[in-house]
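As the structure is a prediction and not an experimental result, all values here were calculated from the model.
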Amino acid sequence: MTGNHQTLALLLFSAFVAVTLAITTWVSRNRHGSAEEFYAGGRLFSPMENGFAIAGDYMSAASFLGISGLIALFGYDGMLYSVGFLVAWLVVLFLVAELVRNCGRFTLADVVAARMRERPVRIAAGTSSVTVSVLYLVAQMVGAGSLVALLLGGTSEAAQTWTVIGVGALMVIYVSLGGMRATTWIQIVKAVLLLSGTIVLTVLVLVRFHGNFDQLLLTAAERSGHGEKFLAPGLKYGEDWTARFDFMSLGLALVLGTAGLPHILSRFYTVPTARAARRSVVWSIGLIGGFYLMTIVLGFGAAAIVGPEAVRGSNAAGNTAVPLLALDLGGGENSTGGTVLFAIVAAIAFATILAVVAGITLASSASVAHDLYASLRRRNAKPRSEVAVARLAAVGIGVVAIGLGLLARDLNVAFLVGLAFAVAASANLPVLLYSLFWRGFTTRGAVWAVYGGLIPAVVLVLLSPVVSGSPASLFPGVDFQYFPLQNPGLVSIPLGFLAGWLGTVTSAEVADEAKHAETEVRSLTGAGAA
């Protein structure tokens, strides 16, 4: 890229960083340091504000960069991510949002611990939440590295490394100083920017084809080199039965995983009532639905205008399809319009990464402090000391995410998020649903549900083609691939539910029906909710 691209993109990104740091500084001066303020922003946000913040949390770099890239490379099969991410919100709306807001205070473990023995449940749920969050963070770090590689012509690995470190440092500052209130306003600003940029690009793509979507699809199929197969199922997931099972596994993980994501669940605690939580989800579904429909246009637009070969040549995983599309739509590499549009898109993508990593880091540090630390030091932990631990945890989680992000820099970011969704659906969703709806559920069942989904999901990922045994894996030079699927959801999600059931029916503990009745009344009416 030319020096103009780099300079303008970096100036715009610097402006976003300056604004968000100003928000964080302002919030840090006006907070009183309580756990409710740090974790939930004082529960003062309106449904519309929280809806925009949820959308900002959910519309990550994986969505903006990864999904469009997968559609540009694989056509119809890449759209599974758009459809799966959107359909998942129906599960959240009908099964989770109001009930979680009524039953918990800050984290997933609060919901489960309401009717179980606290210590083992909090340790299990906290461990699972941190694992999911770190996997999700890695995807954002990889997206940051891909953007920098494109900005600098793909020649400077040192620049990629320092950018990932810089993103990690900024997210730690946002979380440790501003807490949930700063993070929420950063998400709102980012959601508005991302939606605005996506709308502009979508309109430009449709104008290029005179509003004829059929012509867009036919041109994309022609340039793909695959013809009509590009528009039909099977290009990525239809080669053999292993690929088809991978397709089903990914779909299951995407649809069920959202309801178990810690940073999404924590957003329901930032509004004053369960009704407000439900209205937040309605707002977010409208925003997210429109966004994912537009990623389909951008993906096929990149295939038709830029071409899959050019996309793959810039980044093998397709993560740079949207910036390259913006460059072309603006008039080409050496044009003023191309320079400006590319710079704007790159800056929005950077902003997207920063905002999402802040939300995820806050949720995972809350799990460390509120669940793990508070359960181990229950009698001695005061709210202020718990918040201090959360700030320290943010630093540690940032360091881990930076290291893993540098290691996984060549993987597609949407694919990495698919793995996080699989772990969330395997470990968090079973214990959440059982706790809310099964009267006879016990503490052993809760612990077994978490570990029975978490351990198989992580082990199967380690033994999958993602980690070893293929040129595109993390460690291409070694081969300990024993599990054929890239996404473990098809196996690990049923195991999580099965382990929860088995732990309960083999437990000598008798479920406390009075606590279940209390939880049920609270979940449905909001009586006694925090």
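In this structure a side-chain-to-backbone donor-acceptor pair under 3.5 Å is missing from Thr270 to Ser266. Without hydrogens or angle criteria, Tyr434 side chain to Phe497 main chain gives a donor-acceptor distance under 3.5 Å. Using modelled atom types, one side-chain atom of Lys190 and one backbone atom of Met59 make a donor-acceptor pair closer than 3.5 Å. Between the Arg101 side chain and the Val271 main chain, a donor and an acceptor come within less than 3.5 Å of each other. In this structure, Glu509 contributes its side chain and Thr443 its backbone to a donor-acceptor pair below 3.5 Å.
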*Under the side-chain contact (heavy atoms from CB on, under 4.5 Å) rule, what do Asp110 and Cys103 come out as? Steps first, then yes or no, please.*
CA-CA 7 Å; Asp110 289 335; Cys103 289; over 6 Å; no
*CA sep, side-chain torsions, deciding dist, call: Tyr269, Met180, side-chain contact (heavy atoms from CB on, under 4.5 Å)*: CA-CA 10 Å; Tyr269 301 125; Met180 178 60 84; over 6 Å; no
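When all heavy atoms of Ala259 and Leu429 are compared, the closest pair comes out as CB-CD1, 3.7 Å. The shortest heavy-atom contact between Arg267 and Asp57 is CD-OD2, 3.3 Å. Of all heavy-atom pairs spanning Phe421 and Leu261, the tightest one is CZ-CD1, 3.6 Å. The shortest heavy-atom contact between Leu254 and Leu80 is CD1-O, 3.9 Å. The two residues Ser128 and Leu454 have their closest heavy-atom pair at CA-CD2, 4.0 Å. Minimum interatomic distance between Gly489 and Ser249 (heavy atoms only, all atoms of both residues): N-OG, 3.0 Å.
For the residue pair Arg444/Thr506, the side-chain donor-acceptor check at 3.5 Å is satisfied. In this structure, a donor-acceptor pair under 3.5 Å is present between the side chains of Ser82 and Thr295.
Under the 6.0 Å cut-off for aromatic ring centres, Tyr58 and Trp89 qualify, their centroids lying closer than that.
Between atom OG of residue Ser133 and atom CD1 of residue Ile360 there is a gap of 7.0 Å, rounded to the nearest 0.5 Å. Taking CE of Met248 as the reference point, atom CG of Leu485 lies at 9.0 Å (rounded to 0.5 Å). How far CD1 of Ile397 is from OG1 of Thr361: 7.0 Å, rounded to the nearest 0.5 Å. Interatomic distance, OG1 of Thr442 versus CH2 of Trp438, reported as 7.5 Å (0.5 Å rounding). Interatomic distance, OG of Ser492 versus CG of Leu252, reported as 8.5 Å (0.5 Å rounding).
Residue Val255 forms a side chain to side chain contact (heavy atoms under 4.5 Å, CB included) with just one option from Leu90, Val87, Leu250, and that option is Val87.
Ring geometry, His263 versus Tyr136: the interplanar angle exceeds 60°, so the pair is classed perpendicular (tilted spans 30 to 60°).
With a 6.0 Å radius and a threshold of 12 heavy atoms from other residues, nucleotides or ligands, Phe437 has its CZ atom above the threshold.
Among residues two or more places apart in sequence or in another chain, the ring pair (Phe, Tyr, Trp, His ring centres under 6.0 Å) test is passed with His370 by Tyr39, Phe106. A search for ring pair (Phe, Tyr, Trp, His ring centres under 6.0 Å) contacts involving Trp448 returns nothing, not counting sequence neighbours. Checked against ring pair (Phe, Tyr, Trp, His ring centres under 6.0 Å), Tyr451 has no partners two or more places apart in sequence or in another chain.
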